[in-house]
Amino acid sequence: MGKRTPLYEAHCQANAKIVDFAGWDMPLHYGSQIHEHHQVRQAVGVFDVSHMGIVDVYGKQAVTFLRFMFANNVDRLAIYKALYTCMLNEQGGIIDDLIVYKLAEDYYRLVINAGRRDQDTTWLKQHITAYDAVLTPRNNLALLAVQGPRAKDIVPTLFSTEEAAKIRALKSFTACPVSQHGLVARTGYTGEDGFEIMLPTTEISHFWEKLLAAGVAPCGLGARDTLRLEAGLNLYGTDMDESVTPLESNLAWTVAWEPADRQFIGRQALEKQRQQGTILCLVGLVLQTPGVLRGHQTVILDSQRAGIITSGGFSPTLNQGIALARIPTTTDTTCWVEIRGKQLPAAVIKPPFVRHGKKAFNLTECEKE
Amino acid sequence: MSNIPKNLRYTPSHEWVKQDDDVLTIGITDHAQCMLGDLVYVELPEVDSQFQHGQECAVVESVKAAADIYCPIGGEVIEVNEAALGNPQLINEDPYGKGWLFRLRPFETPATILLNAEEYSKQVASEAH
């Protein structure tokens, strides 16, 4: 038996197929993964992501500490704004990717990957000793992601009038406090509008029931994976890990180079890589024949150059095989993927594949012919 | 509990076989489609192609994984389910009906090497543990 979120029983009652994810018993789907995928693209769905870690950083030097720990710069943050960042090792390898919320001048909240809780906490603890700041895991908070175009109509109605007004006013990547230590943020991992909602574990079952009663479809990790893949969002441990840098992971935009005098862990290695040029990059692939792309399949550019699919699947929105692949840096717009001994053509694109329910890329002229 | 009709024969690799005179219809079991999850892609053999017993002859791919289909009996393919090619979810919705995969004229006698419903049920139950 793995670890369980406070909603485990509720998932079983909703006929979830339970699978192991990073040591947690989590719902894969509640009947049909594709149906859940479309629910989020076209209406609204809810994911229990309470297996993710919530860690608060508090203290006079919290900001100084996080400026040094993250490749993106928390200095840019206003109170109740969120920031996506990587946390790197000295070699520039990605220890984790996470969202950091600024809750007060001396108070930040991190949401980290379930499978990286131990590594992240060890790494942060190891460095925080030099700062006037403390780390507090918030194990008493559960986390739900309510995603889809209808989320903004439904979510506010489940809170008090005062809270609802604040939630309705939320812009993308901002948050507002609710309940005790709770937070509602306009963030997500699906490429749709929506909210991520942190509530005390004692309140979460009741809130889950209210969501379902309001017509929000429970969705499992299966749909979460196809949605994030369509949205071109990396999955830690699959598309990136400690052996690659943000520059090799289509995440250069998350590295704050300025101000040039800000030191952060991994900066030196990244500067060097930027100067020398990256050899590998992470791109999107769209299969040009019927079929499904899968992780670990070989990607062939020509007789000299090859790469590998890091995560692949079938896009329910596009009805095509799509993938993220790490390949030698190239301007090529086509490649071949080896599937069961055959080489099938695929277009090389810059992710995302789907944004707000619609196809989000254009194939170049030569490919249309 | 998955549906295992009494009137069909089965393979240990989760194909079902239905015999009508000298023609066999082949598909994947309810248990197999349930384990695979939503199907999104199907590759079927060419009509007139011949396969030995146990040879890979088709592929079904779900949101989760690709699975090879093994020819349950040596024979010649006489028809494939075009509808399932266009809409693989037919296999999820109706694995023993509209979700059939292909039809075969066998070279050998099916009964001797296939499982009956009771034997297949036992296998599915044992795999659950």
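Within every chain, numbering begins at 1; the chains are lettered A, B, ... in the order of the sequence lines, protein sequences first and strands thereafter.
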Taking [X] for its side chain and [Y] for its backbone only, find out whether a donor-acceptor pair lies under 3.5 Å.
| X | Y | result |
| --- | --- | --- |
| A:Q147 | A:G191 | no |
| B:N81 | B:K98 | yes |
| A:W336 | A:I300 | no |
| B:S62 | B:G37 | no |
| B:D21 | B:V23 | no |

Whatever's closer than 4.5 Å to a heavy atom in chain A on B:V59 counts as side chain
Under 4.5 Å to a heavy atom of chain A? For B:A66 that would be both
**Message:** Can a side-chain donor-acceptor contact be found between B:D30 and B:S2 if the only test is distance below 3.5 angstrom?
**Reply:** no
B:W16 and B:H31: CA distance, side-chain angles, deciding distance, ring pair (Phe, Tyr, Trp, His ring centres under 6.0 Å) verdict: CA-CA 11 Å; B:W16 58 261; B:H31 173 73; over 10 Å; no
Within residues 19-45 of chain A, the residues sitting under 4.5 Å from chain B by heavy atom, in sequence order, are A:L28, A:S32, A:Q33, A:I34, A:H35
